[in-house]
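First the structure, in the form of structure tokens, and then the observations on it.
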Amino acid sequence: MTHRFPVRVYYEDTDLAGIVYYANYLKFIERARTEWVRELGVDQARLKAEEGIVFAVRRVEADYLHPARFDDELQVETELEQMTGARMVLRQTVLRDGERLFAAIVTLVAIGPTGAPARIPAILRQPLH
């Protein structure tokens, strides 16, 4: 299942060269992950309040392939690659008109109130299996 999230490049996203500043791609893919989880029916604020579980980025492997520029309409695609008890590995790609601009493999971990790994809640596991 591929989740798609639209992003427009604003002036604030660009650097002196007029291209998207490299760190902003991480913001784009973070927004897409948040919307992906929301569309799966998970309210992350409620999950934290009721169960004390949050998700943290453990690792990001990123490839910057082509630059995006001011006013580009981009699409972030998110796909689940792997899920274990407390960890998810996602493949995220930023595209412009079908051209891959940025690709990342993101490892997320569920952590509980003490900061220790926690089991990914069933509300998230069920729609993904």
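Along the sequence shown, residues carry numbers from 1.
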Checklist line | Pairs flagged by side-chain hydrogen bond (donor to acceptor under 3.5 Å, both in side chains) wherever residues 107-122 is involved - sequence neighbours left out | finding: none
Checklist line | Co-membership, hydrophobic cluster, residues Met1 and Ile105, 4.5 Å side-chain | finding: no
Check: Under the side chain to side chain contact (heavy atoms under 4.5 Å, CB included) test, which residues partner Glu99, sequence neighbours left out?
Finding: His66, Arg96, Leu101
Note to self: Angle between ring planes, Tyr25 versus Phe102, binned at 30° and 60°: parallel, tilted or perpendicular?
What the structure shows: parallel
Note to self: Please say yes or no: joined through hydrophobic side-chain contacts below 4.5 Å, possibly via intermediate residues, are Val89 and Val60 part of one cluster?
What the structure shows: no
Checklist line | Set of residues satisfying side chain to side chain donor-acceptor pair (under 3.5 Å) with respect to Arg8, sequence neighbours excluded | finding: Asp71, Glu73
Note to self: Is there a continuous path of hydrophobic side-chain contacts, each under 4.5 Å between heavy atoms, that joins Tyr21 to Tyr10?
What the structure shows: no
Margin query: Connecting only ILVMFWY residues whose side-chain heavy atoms lie within less than 4.5 Å of each other, what is the rest of Phe70's hydrophobic cluster?
Written below: Tyr11
Notebook entry, point to check: Of all residues at least two apart in sequence or in a different chain, which pass the side chain to side chain contact (heavy atoms under 4.5 Å, CB included) check with Ile123?
Noted result: Val42, Pro121
Note to self: Check whether Asn24 reaches the backbone of Asp13 with its side chain - one donor and one acceptor, N or O, closer than 3.5 Å.
What the structure shows: yes
Could you list the donor-acceptor pairs under 3.5 angstrom formed between side-chain atoms of residues 81-88 and any protein atom two or more places apart in sequence or on another chain?
residue: Glu81; atom: OE2; partner: Arg91; partner atom: NE; Å: 3.1
residue: Gln82; atom: OE1; partner: Arg87; partner atom: NH1; Å: 3.4
residue: Thr84; atom: OG1; partner: Arg87; partner atom: N; Å: 3.4

Checklist line | Partner set under side chain to side chain contact (heavy atoms under 4.5 Å, CB included) for Leu95, not counting sequence neighbours | finding: Glu77, Thr93, Arg100
Margin query: I need the Thr2 OG1 to Leu80 CG distance, nearest 0.5 Å.
Written below: 10.5 Å
Item checked: For Asp97, all residues meeting salt bridge (Lys or Arg N to Asp or Glu O under 4.0 Å), sequence neighbours excluded -> none
Next item on the list: Under the side chain to side chain contact (heavy atoms under 4.5 Å, CB included) rule, collect the residues that match up with Asp63, sequence neighbours excluded.
Entry: Leu65
Checklist line | Partners meeting salt bridge (Lys or Arg N to Asp or Glu O under 4.0 Å) with Glu51 (sequence neighbours left out) | finding: none
Without placing hydrogens or testing angles, list every side-chain donor-acceptor pair under 3.5 Å for residues 27-36, not counting sequence neighbours.
residue: Glu30; atom: OE1; partner: Arg33; partner atom: NH2; Å: 2.4
residue: Arg33; atom: NH1; partner: Gln92; partner atom: OE1; Å: 2.8
residue: Thr34; atom: OG1; partner: Glu30; partner atom: O; Å: 3.1
residue: Glu35; atom: OE1; partner: Arg38; partner atom: NE; Å: 3.2
residue: Glu35; atom: OE2; partner: Arg38; partner atom: NE; Å: 3.4
residue: Glu35; atom: OE2; partner: Arg38; partner atom: NH2; Å: 3.3

Next item on the list: Among Ile, Leu, Val, Met, Phe, Trp and Tyr joined by side-chain contacts under 4.5 Å, find the other residues sharing a cluster with Val109 and list them by chain and number.
Entry: Val54, Ile111
Notebook entry, point to check: What are the two closest non-hydrogen atoms of Val20 and Arg69, and how far apart are they?
Noted result: CG2-N, 4.4 Å
Item checked: Pairwise side-chain contact, Tyr64 with Ile19, heavy-atom cut-off 4.5 Å (strictly under) -> no
